[in-house]
Novice: 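Here's a structure for you.
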Amino acid sequence: MSKTTFKAHTDIALIKYWGKKDEKLRLPENGSVSMKLSELFTTTTVDFSFELTKDVASINGFSTEKELQRTSKHLDRIRAVAAKQNLPMAKAKAKVVSENNFPKSSGLSSSGSGFAALTLAASKAVGLDLSQKELSILARQGSGSACRAVCGGFVEWKDSDTSEGSFSETIFPATHFDIRDVVVVTDPGPKRTSSTQGHTTAQTSLLFQPRQNSLPQKIEAVKTALSKKEFQTLGSLIEQEALEFHSVLLTSDPSFIAIKPGTVQVMHAVLDLRDQGVPCYFTLNTGHNIHVLTLPEHEDQVSSVLSGLSLATNVIRSKVAADPEELSTHLF
Ligand code: PMV
């Protein structure tokens, strides 16, 4: 097949996936719900060629040995599916060039959009024509949140005990509810602990099991708030969820302290804005950068207050993004 390029948006988990019940297959301990973000994305070009003797990959201009190995392992999964269909390029090596338009490894889910774009571009480049379910299952094995990043709008990744059952679907399209996300970059540098590492210690927290017990009900409540477009109910639920999730991180062994002074400064600014009657709520993943959700009519004010904070480096404003897109211009 020919060179293929895909752009996949990252997402913010409204209900987080944390901990895995199967490490190898990346089966999460719980279901999760997320919202795709229009201004945070990865663009990836893949080309398979018999002239290459090994896979080559460049991410944001360079790549570490560890990143190359993870990319190549994911290409092997795609080649294995292609081999079952007797596609000739299943035996070829690939060149991968990938670019994020936002800082990676800083809690903004670059691995989610990265492995989604890689799965979409590589499977098409190798000659496969897969369904969204098949793409989601494949992407999940590269990075958990990539399972959601192959879909658009508001996405649910259902809990399952099998690989075949562990995939994501759009529950509401991007046009359903116009929510705005303002990411405050409080430090463009990488986080201290990766999510991959953190997942392995999730169960050591004494708060892990109580959180698990409450999640099915919380997921239903978030889906209901989304379906009725009740922003304040949704906001309270997702902010509480982020704090419960971080309580698990803080009380794990070893402890996982993801928040930094700039993160806490944003949390207080959000509380102050709410005291003034501005509907806005925060949520964050395993990094120090933090997302603030608000409604369109308050986005300018929220963004201007947050970007003026002494510890804010910059803000990135997103709408809800639709499905990933195939592009006709390539990165090489
Ligand atoms: O996809 P991973 O392995 O990077 O884990 C993501 C975990 C969280 O971002 C904290 C939550 C989520 O559901 O995205």
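Read the numbers this way: they start at 1 and go in the same order the structure lists the ligands and their atoms. Source: prediction; values computed, not measured.
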Novice: Any idea which of Asn30, Leu14, Asn285, Leu108 brings a heavy atom closest to atom 9 (O) of ligand 1?
Specialist: Asn285
Novice: Starting at CD of Glu239, measure out to SG of Cys280 and round the result to the nearest 0.5 Å.
Specialist: 8.5 Å
Novice: Should the proximity of Ala13 to ligand 1, defined as any heavy atom under 4.0 Å, be assigned to the side chain, the backbone, both, or neither?
Specialist: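 Near ligand 1, Ala13 shows its side chain, while the N, CA, C and O stay back.
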Novice: Identify the closest protein heavy atom to atom 14 (O) of ligand 1: which residue and atom is it, and at what distance?
Specialist: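 For this ligand atom, the closest protein heavy atom is Arg148 NH2, 2.8 Å.
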Novice: Taking the side chain as every heavy atom from C-beta outward, state whether Ser163 and Arg140 have any atom pair closer than 4.5 Å.
Specialist: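 In short, these two side chains touch, coming nearer than 4.5 Å.
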Novice: Is any NZ, NE, NH1 or NH2 atom of the basic residue among Lys218 and Glu241 found under 4.0 Å from an Asp or Glu carboxylate oxygen of the other?
Specialist: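 Here Lys218 pairs with Glu241 in a salt bridge, since their nearest N and O are under 4.0 Å apart.
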Novice: Just need the protein heavy atom nearest to atom 5 (O) of ligand 1, so name the residue and atom and give the distance.
Specialist: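 Answer, as residue, atom name and distance: His199 NE2, 2.9 Å.
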Novice: Using a plain distance cutoff, I'd like to know if Ser109 has any nitrogen or oxygen under 3.5 Å from a nitrogen or oxygen of ligand 1.
Specialist: no
Novice: Is the closest heavy-atom distance from Phe245 to ligand 1 below 4.0 Å?
Specialist: yes
Novice: Could an N or O of ligand 1 be found under 3.5 Å from any N or O of Lys16, whether backbone or side chain?
Specialist: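 No, Lys16 has no N/O under 3.5 Å of an N/O on ligand 1.
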Novice: For ligand 1, which atoms have a heavy atom of Ser143 less than 4.0 angstrom away?
Specialist: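 Selected atoms, number and element: 1 (O).
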Novice: Looking only at protein heavy atoms, which one is nearest to atom 7 (C) of ligand 1, and what is the separation?
Specialist: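 Heavy-atom neighbour on the protein nearest atom 7 (C) of ligand 1: Tyr17 O, 3.6 Å.
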Novice: Mark up the atoms of ligand 1 that fall under 4.0 Å of a heavy atom belonging to Ser111, in ascending order.
Specialist: 4 (O)
Novice: Can you name the one residue among Asp181, Thr10, Ile316 that meets side chain to side chain contact (heavy atoms under 4.5 Å, CB included) with Glu39?
Specialist: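 Option passing the side chain to side chain contact (heavy atoms under 4.5 Å, CB included) with Glu39: Ile316.
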Novice: Can you list the atoms of ligand 1 that are under 4.0 Å from a heavy atom of Gly144?
Specialist: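 Near Gly144, meaning under 4.0 Å from one of its heavy atoms, ligand 1 has 1 (O).
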Novice: Salt bridge between Arg317 and Glu299, side-chain N to carboxylate O under 4.0 Å?
Specialist: yes
Novice: Salt bridge check, Asp22 against Lys24: does any charged N sit closer than 4.0 Å to a carboxylate O?
Specialist: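 Not counted as a salt bridge, because no side-chain N and carboxylate O are separated by less than 4.0 Å.
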Novice: Would Val182 end up clustered with Tyr281 when hydrophobic side chains under 4.5 Å apart are linked, directly or stepwise?
Specialist: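 In one cluster with Val182: Tyr281, no.
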Novice: Between Asp178 and Lys229, does any NZ, NE, NH1 or NH2 come within less than 4.0 Å of an OD or OE carboxylate oxygen?
Specialist: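 Judged by the 4.0 Å cut-off on N to carboxylate O distance, Lys229 and Asp178 do not form a salt bridge.
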Novice: What do you reckon, does Thr286 have a nitrogen or oxygen under 3.5 Å from a nitrogen or oxygen of ligand 1?
Specialist: no
Novice: Taking only non-hydrogen atoms of Gly112, do any sit less than 4.0 angstrom from ligand 1?
Specialist: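 No, that is not the case, since the closest heavy atom of the residue is not under 4.0 Å from the ligand.
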Novice: Identify whether the distance between the nearest side-chain nitrogen and carboxylate oxygen of Lys223 and Glu156 falls below 4.0 Å.
Specialist: yes
